[in-house]
Participant: 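So that we are looking at the same thing, I have put the structure below in structure tokens.
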Amino acid sequence: MNTTSKPKILVSRAIFPEALAELEQSFDVISNQADVVMTPEALASQLAGVSAALVTGSERIDAKALAQAKGLKIVANISVGYNNFDVPAMTAAGVMATNTPDVLTDTTADFGFALLMATARRVTESERWIRDGNWNQWSIVTNPLGMDIHHTTLGIIGMGRIGQGIAKRALGFGMNVIYHNRSRLPEADEKACQARYVDKETLLKEADHVILVLPYSAESHHTIGAKEIALMKPTATLVNIARGGIVDDVALAAALKAKTIFAAGLDVFEGEPKVHPDLLACSNVVLAPHIASASEKTRRAMIALAARNVRAALAGDKPPSLINAEVFAK
Ligand code: 8YV
């Protein structure tokens, strides 16, 4: 095929070389294997010349980004969360928006559980304790003592696919699972997870461990702040694998410092990749760099699904994970 006849697409961040090579067979690809995060201006000017783009959470797709993008048909997020998309602006511009649901559910639920366990059982703090040469001070009552996971109450806020995956894992630990969500699950789904629906206040008061798995939006901004943390047990842990901004990081750091709650596990942060210095100063917090979906198999599956979405859109077909169906109907 003549290279010039291939549709032009943008891949905004580095992807696996094999995935890039596959895209290059069908498309004229503008890639960014150097993985330098684009400025909004650079992104807008790149989008102006392409029919499709594969992007990540670091690229904000809004009216400004789309202002010059007259030939753009689809922006495929390599991510299930799409708070980096202004969907109404994309719809108004006639641009399809897609994400990567399902392929990352189990990997992300696994990590939610890993972070919960690391937090409650002080895994990273213990490692630092050894590296700092403290093992000779080991005693049965003073070495890093944690909180149990088994037979405790897990409170899940956000009961979509990933939340339900975490609930099912919790059953294996004999946990009592309570949840809060915008809407209550159908009875069959509640039964499958053996989870009880409660209001947010009850959840915060009753849970030994709270895990956040809800999407970010203006409504979910600071779902957990000082007022909510004050409702939690002093022995409780808080885990956030959802999005930065769902937790008020300053309020959380103050609570961790004052031991208002036992510990926190964070995979996401307000203003990431920056981490608030008050959080960095706390020993009772486990920090991870937004890696909940980061197994190689799953990251490959996410890229492959984003590529399938682009291929479908450019072939005139409905992408498998289309968010704004009204654009396709036009
Ligand atoms: C991504 C995520 O790694 O899918 C999501 O919503 O948070 C992660 O899986 C991240 O958003 C990169 O785009």
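Note that the numbering runs from 1 along the sequence shown for the chain. Numbering of ligands and ligand atoms starts at 1, following listing order.
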Participant: Are a donor atom and an acceptor atom from the side chains of Gln164 and Tyr179 found within less than 3.5 Å of each other?
Facilitator: no

Participant: Are Asp86 and Arg60 side-chain neighbours, meaning at least one heavy-atom pair lies under 4.5 Å?
Facilitator: yes

Participant: Count the heavy atoms belonging to other residues, nucleotides or ligands that lie under 6.0 Å from NZ of Lys257, then report whether that count exceeds 12.
Facilitator: no

Participant: Is the shortest side-chain N to carboxylate O distance from Arg308 to Asp317 below 4.0 Å?
Facilitator: no

Participant: Under a strict 4.0 Å criterion on non-hydrogen atoms, which protein residues are in contact with ligand 1?
Facilitator: Thr56, Gly57, Ile78, Ser79, Val80, Gly81, Leu104, Arg243, His290, Ser293, Arg299, Met302

Participant: Classify the side-chain pair Gln33/Ser31 by whether it contains a donor and acceptor separated by less than 3.5 Å.
Facilitator: no

Participant: Answer yes or no: is there a side-chain heavy-atom contact under 4.5 Å between Cys193 and Val177?
Facilitator: no

